[in-house]
Amino acid sequence: MLRFNPPNMGNADQCQFTDPEKRKADCVLHIQQELSDKQIELLESGAKLIEGIHSFKVNRQKRHLALLEYDANITSAKKVQTALIEIPIGDDIDSTPAPLKTELVGL
């Protein structure tokens, strides 16, 4: 039996038994720095390791935008944004790139 609590102030309070399709949420991230192809690949593969992320894709034509799909019962867009900063995206071992800077555009 699926349990789903009624909406509270416009937000549905979900529990672990809620259908996973109903827990999916997405948002757009604006990346505030220029990333190389290798850095984008590292970012995408690293983001998929963050708990609760279903998908993370950077738009190849508009490289400053990324679409994030996550399980709203496990994480939030803000938590994912914070975790993305921790992903090492340097071009080589000796370089220490500036931390990734992003903005949440749409929720």
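Atoms considered below: every heavy atom in the structure, side chains included; atoms not considered: hydrogens, waters and symmetry mates.
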I31 vs L43, test: side chain to side chain contact (heavy atoms under 4.5 Å, CB included). Steps then yes/no.
CA-CA 11 Å; I31 301 170; L43 184 61; 4.3 Å; yes

Begin with the C-alpha distance, continue with both residues' side-chain angles, and end with the deciding distance and a verdict on side chain to side chain contact (heavy atoms under 4.5 Å, CB included) for I50 and L84.
CA-CA 8 Å; I50 298 172; L84 288 173; 4.1 Å; yes

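For N59 against Q61, the heavy-atom pair with the smallest separation is OD1-N, 2.9 Å. The two residues A77 and L104 have their closest heavy-atom pair at CB-CD2, 3.9 Å.
For Q32, the side chain to side chain donor-acceptor pair (under 3.5 Å) partners are E103, not counting sequence neighbours.
Here salt bridge (Lys or Arg N to Asp or Glu O under 4.0 Å) pairs that include residues 49-64, with residues two or more places apart or in two chains, are D37-R63, E44-R60. Screening residues 76-88 for salt bridge (Lys or Arg N to Asp or Glu O under 4.0 Å) gives no qualifying pairs among residues at least two apart or on separate chains.
Counting only distance, with no hydrogens or angles, the side chain of E69 and the backbone of D26 share no donor-acceptor pair below 3.5 Å.
For the side chain to side chain contact (heavy atoms under 4.5 Å, CB included) with Q81, the lone residue among L100, L68, T102 that qualifies is T102.
Summarising the geometry, atom CZ belonging to F56 is positioned 12.5 Å from atom CG belonging to L49; distances are rounded to the nearest 0.5 Å. To the nearest 0.5 Å, atoms SG (C27) and OH (Y70) are separated by 5.5 Å.
In the hydrophobic clustering of ILVMFWY residues, with side-chain heavy atoms under 4.5 Å counting as a link, L67 and L65 come out together.
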